Amino acid sequence: MEEIIIIPAVVLGLPWIIFHYITKWKTAATITGDDEQLLDELYHLAKRLDDRMDTVERLVASDNPEFKPSRLAHDREIDNQPLRELDRLLAEKKGTSI
C-alpha cells in the first residue's frame with residue numbers, strides 16, 4: 001500500500017518541484033522591459049543633474065573667487081570614465097557604436 005503513495009510522489013512530485021524552482025529561478029534573474037526603461041530614464045536624469053550641478057558650481061565660482069566646489073573638478077577624465085563606460089554599454093545594447 002505504501003508503494004502506491006511513494007511511486008507517484010517520486011515520479012510526479014519530485015520533477016514538479018524541480019521544474020517549479022527552475023522556472024522561478026529563471027524569471028527572477030531577468031529584468032523586464034519596464035525596468036530597463038526606468039533605468040534608462042534614471043541614467044539620463046542623472047546626467048542632466050550632473051550638468052546642472054556643474055553649471056551652478058561654475059556660476060557660484062565666477063561670483064565668489066574663494067568658492068571651492070565640494071564636487072570633483074569639472075570634466076576630469078577620471079570622473080567621466082564611468083559615464084563613458086555606461087554610454088558604451090548602452091550603445092552596444094542598441095546596436096550602434098560611439
Side-chain angles (χ1 to χ4, degrees):
M1 186 70 169
E2 292 177 3
E3 296 85 20
I4 296 174
I5 297 172
I6 294 174
I7 292 174
V10 170
V11 172
L12 298 174
L14 190 58
W16 180 82
I17 291 172
I18 292 170
F19 288 128
H20 171 74
Y21 283 107
I22 287 174
T23 303
K24 290 285 185 182
W25 172 66
K26 285 184 178 181
T27 58
T30 61
I31 62 173
T32 64
D34 291 337
D35 293 338
E36 286 186 33
Q37 183 180 5
L38 178 62
L39 287 173
D40 195 39
E41 289 173 11
L42 289 173
Y43 169 74
H44 290 295
L45 176 63
K47 282 184 77 167
R48 285 191 356 241
L49 290 173
D50 186 49
D51 291 341
R52 288 180 184 178
M53 282 298 298
D54 289 338
T55 302
V56 168
E57 287 179 349
R58 232 179 317 118
L59 291 171
V60 171
S62 68
D63 290 341
N64 184 2
E66 289 124 23
F67 174 73
K68 301 286 186 222
S70 61
R71 293 168 22 105
L72 299 172
H74 178 67
D75 281 340
R76 279 187 6 187
E77 183 59 34
I78 195 166
D79 298 334
N80 292 328
Q81 187 60 33
L83 286 176
R84 285 198 181 94
E85 180 67 18
L86 283 173
D87 285 335
R88 185 185 64 77
L89 291 172
L90 285 172
E92 283 179 4
K93 180 182 172 205
K94 292 179 181 176
T96 62
S97 61
I98 295 177

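Keep in mind the model is a prediction, meaning the values are calculated, not measured. If you read the sequence from its start, that first residue is 1, and numbering goes on from there. Note that these values count all heavy atoms, side chains included, but never hydrogens, waters or copies made by symmetry.
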Worksheet entry | Trp25: ring-ring contact (aromatic ring centres under 6.0 Å, His included) partners, not counting sequence neighbours | none
Worksheet item: Does the pair Glu57 and Met53 meet the rule for a side chain to side chain contact (heavy atoms under 4.5 Å, CB included), with working shown?
Response: CA-CA 6 Å; Glu57 287 179 349; Met53 282 298 298; 4.2 Å; yes
Item to complete: Could you go through the side chain to side chain contact (heavy atoms under 4.5 Å, CB included) check for Leu45 and Glu41 one step at a time?
Response: CA-CA 6 Å; Leu45 176 63; Glu41 289 173 11; over 6 Å; no
Fill in: From CA spacing to verdict: side chain to side chain contact (heavy atoms under 4.5 Å, CB included), Glu92, Leu89
CA-CA 5 Å; Glu92 283 179 4; Leu89 291 172; 4.2 Å; yes
Worksheet item: When rounded to the nearest 0.5 angstrom, what is the spacing between CG in Leu39 and CG in Asp34?
Response: 11.0 Å
Practice prompt. Could you list who else is in Val10's hydrophobic cluster, with ILVMFWY side chains joined at under 4.5 Å, directly or through other members?
Written response: Ile6
Practice prompt. Evaluate side chain to side chain contact (heavy atoms under 4.5 Å, CB included) for Arg52 paired with Thr55, printing each intermediate quantity in order.
Written response: CA-CA 5 Å; Arg52 288 180 184 178; Thr55 302; 5.5 Å; no
Discussion item. Using a 3.5 Å distance criterion without hydrogens, assess whether the side chain of Asp50 forms a donor-acceptor pair with backbone atoms of Lys47.
Written reply: no
Worksheet entry | Atom pair CG (Leu14) and CD1 (Ile18), whose distance is rounded to the nearest 0.5 Å | 4.0 Å
Item to complete: Any chance you could measure Asp54, atom CG, to Leu59, atom CG, to the nearest 0.5 Å?
Response: 11.0 Å
Worksheet item: Taking a hydrophobic cluster as the set of Ile, Leu, Val, Met, Phe, Trp and Tyr residues connected by side-chain heavy atoms closer than 4.5 Å, whether directly or through intermediates, do Leu38 and Tyr43 fall within one such cluster?
Response: no
